S.K.: 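There's a structure below that I have some questions on.
Note that these values count all heavy atoms, side chains included, but never hydrogens, waters or copies made by symmetry. Order of the sequence lines sets the chain letters (A, B, ...), proteins ahead of strands, with each chain counted from 1. Note that this is a predicted model, so its numbers are computed, not measured.
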Amino acid sequence: MCDFSAKLVAWLDQELPGSEAIEVARHLEICAECKRKLDSYRQVSNLLEAYCESTVEAATERRLPHWVRAVSYTAAAVAVVAAALVLVLLRMPVEPLPDHATAPAAASIAPASDWNHAAAAASAPAAVRPASPITKVRRHRATAPVLPDPDFLPADPGIQVAIPAEAMFPPGAMPAGVTFTADFSVAPDGSVQRLRVQPRLVELQRRPSQP
Amino acid sequence: MSDDSVPFALPLSSCPATSSEATTLYRELRKPLLRYLICLGLTNDEAQDVVQDVFLSLQRHLASGGSQENIRGWVYRVAHNQARNRQMSYERRFAAPLEAAIDSASDEKTPEHTLLEKEKFRLLEHAIRLLRDTERECLLLRAGGLRYREIGAVLGISTSTVADTVERAIKKLAEKCNV
């Protein structure tokens with residue numbers, strides 16, 4: 001074994017005194033074995049450095065347990081469905097209540113003690129409900145999208161819901177900065193129309209040529 | 001680990017120069033110290049707690065006129081001792097799953113590169129397990145950028161012993177990792 005082999009790591013770490021460091025440097029120019037060992041020590045040092053970095057990244061990265069992620073995905077999906085249902089219900093026609101003032105006042109009521117008489121009286125035509133047309137109560141139109149998107153110009157007023165990528169995909173499955181938007185409108189009969197889910201890159205400037 | 005702000009409140013009665021020095025050292029050593037503690041086997045939360053305690057101790061040390069020679073070694077020594085007190089066993093770190101450390105480094109690499117890196121890390125981890133405590137600690141402190149003199153101050157051994165220990169540990173790792 002070469003006499004200088006024990007000093008190679010210290011030389012690599014620049015821990016040798018000046019004169020010794022010069023001797024090792026000169027030796028490395030002529031000794032292939034020491035040069036090969038030095039190269040392997042350097043590789044191990046770099047590998048250890050990378051390993052430490054990965055360890056720290058793994059430790060500092062906030063990882064949620066699987067069940068928490070599953071619950072959050074489910075909750076996000078339920079929230080989207082619930083929001084859509086609320087919007088649908090807001091669009092449903094509302095029947096006005098009957099006008100009690102127009103009901104005949106001669107609705108006879110049998111004495112409370114005589115149920116037979118009460119039953120007979122109830123079977124007779126009593127209050128006649130006036131036929132009233134079903135009127136649609138106009139509710140306020142759904143306002144602007146939940147998250148205004150200056151880059152999106154819908155052809156007609158619609159509803160836009162922002163969905164984070166983490167709600168639909170496992171963490172890391174989608175590149176950073178990718179989110180999704182669901183665009184749809186609600187027809188007068190309450191059905192969802194023109195549902196479209198598309199990805200959107202945050203902080204990406206729209207090119208003028210894009211539709 | 002991107003927050004460089006000083007989280008602890010400095011007492012109003014402390015010397016401004018002392019506070020400034022402690023703050024400077026905090027900004028310089030916080031991340032390397034966290035890395036050392038996590039690689040020793042502490043969780044991120046434990047490591048953060050230790051770092052907080054260490055720099056509070058540093059502030060008191062400086063305010064009381066303590067020696068400022070080899071202050072980096074002093075900081076690491078206090079952190080090292082606190083880590084040993086907190087840990088049940090150093091084996092805790094190396095019982096953690098390897099995939100967690102690998103996954104965080106492989107997001108943007110090709111599958112072949114990821115596989116090779118994973119295999120290298122597996123061999124390295126196995127080799128580290130076989131080292132003695134002193135050898136492992138010397139290597140981790142060396143990876144944290146400490147000089148041999150500072151490592152000796154942390155572990156309470158001479159500089160020449162540090163050099164021999166580091167050289168022996170690196171050789172062992174090189175043999176086990178087929179490098």
S.K.: Please classify the contact between B/Leu173 and chain A as side chain, backbone, both or neither, with a heavy-atom cut-off of under 4.5 Å.
M.R.: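 Contact with chain A is through both the backbone and side chain of B/Leu173.
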S.K.: Quick check on B/Ala163 against chain A: is it the side chain, the backbone, both or neither that has a heavy atom closer than 4.5 Å?
M.R.: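 Neither part.
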S.K.: Tell me yes or no: between the side chains of A/Ser185 and A/Arg194, is some donor less than 3.5 Å from an acceptor?
M.R.: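 The criterion, which ignores hydrogens and geometry beyond distance, is satisfied for A/Arg194 and A/Ser185.
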S.K.: Roughly how far, to the nearest 0.5 Å, is SG of A/Cys34 from NE2 of A/His27?
M.R.: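 Going from NE2 on A/His27 over to SG on A/Cys34, the span is 3.5 Å.
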S.K.: Are B/Asp133 and B/Arg136 close enough for a salt bridge, meaning some N to O gap below 4.0 Å?
M.R.: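 Here B/Asp133 pairs with B/Arg136 in a salt bridge, since their nearest N and O are under 4.0 Å apart.
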S.K.: Does a salt bridge link B/Glu137 with B/Arg132, judged by any charged N lying under 4.0 Å from a carboxylate O?
M.R.: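 Looking at B/Arg132 together with B/Glu137, the answer is no, because their closest N to O distance does not fall below 4.0 Å.
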S.K.: At a 4.5 Å cut-off on heavy atoms, which part of B/Arg142 comes close to chain A: side chain, backbone, both, or neither?
M.R.: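 The side chain, not the backbone.
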S.K.: Going by the side-chain contact (heavy atoms from CB on, under 4.5 Å) test, name the single residue among B/Thr165, B/Thr161, B/Leu141, B/Val162 that passes it with B/Leu155.
M.R.: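 One option only clears the test, and that one is B/Leu141.
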S.K.: Does the side chain of B/Asp45 pick up a donor-acceptor pair with the side chain of B/Thr43 at under 3.5 Å?
M.R.: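 Distance-only check fails for B/Asp45 and B/Thr43.
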S.K.: Are B/Ser57 and B/Gln59 linked by a side-chain donor-acceptor pair shorter than 3.5 Å?
M.R.: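 B/Ser57 vs B/Gln59: no donor-acceptor pair found between side chains.
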S.K.: Is it the case that the side chains of A/Tyr51 and B/Glu125 hold a donor-acceptor pair, with the cut-off being a distance below 3.5 Å and no angle test?
M.R.: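 Yes, A/Tyr51 and B/Glu125 have a side-chain donor paired with an acceptor closer than 3.5 Å.
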S.K.: Taking only heavy atoms into account, what residues of residues 11-20 of chain A are found under 4.5 Å from chain B?
M.R.: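 When heavy atoms of chain B are the reference, residues 11-20 of chain A contributes A/Leu12, A/Asp13, A/Gln14, A/Glu15 within the under-4.5 Å range.
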S.K.: With rounding to the nearest 0.5 Å, note down the distance linking OH in B/Tyr76 to CG in B/Leu140.
M.R.: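 Answer rounded to 0.5 Å: 10.5 Å.
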S.K.: Quick check on the structure: residues of residues 67-75 of chain B within a heavy-atom distance below 4.5 Å of chain A, by number.
M.R.: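 Listed by number: none.
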S.K.: Please determine whether a side-chain nitrogen of the Lys or Arg among B/Arg122 and B/Glu119 lies less than 4.0 Å from a carboxylate oxygen of the Asp or Glu.
M.R.: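 The answer is yes: the pair qualifies as a salt bridge.
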S.K.: Given that the side chain runs from C-beta out, which part of B/Leu139 has a heavy atom under 4.5 Å from chain A: side chain, backbone, both or neither?
M.R.: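 Backbone plus side chain of B/Leu139, per the 4.5 Å heavy-atom cut-off to chain A.
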S.K.: Less than 4.0 angstrom from a charged side-chain N to a carboxylate O is my criterion; do B/Lys171 and B/Glu175 meet it?
M.R.: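 A salt bridge is absent here (no side-chain N lies under 4.0 Å from a carboxylate O).
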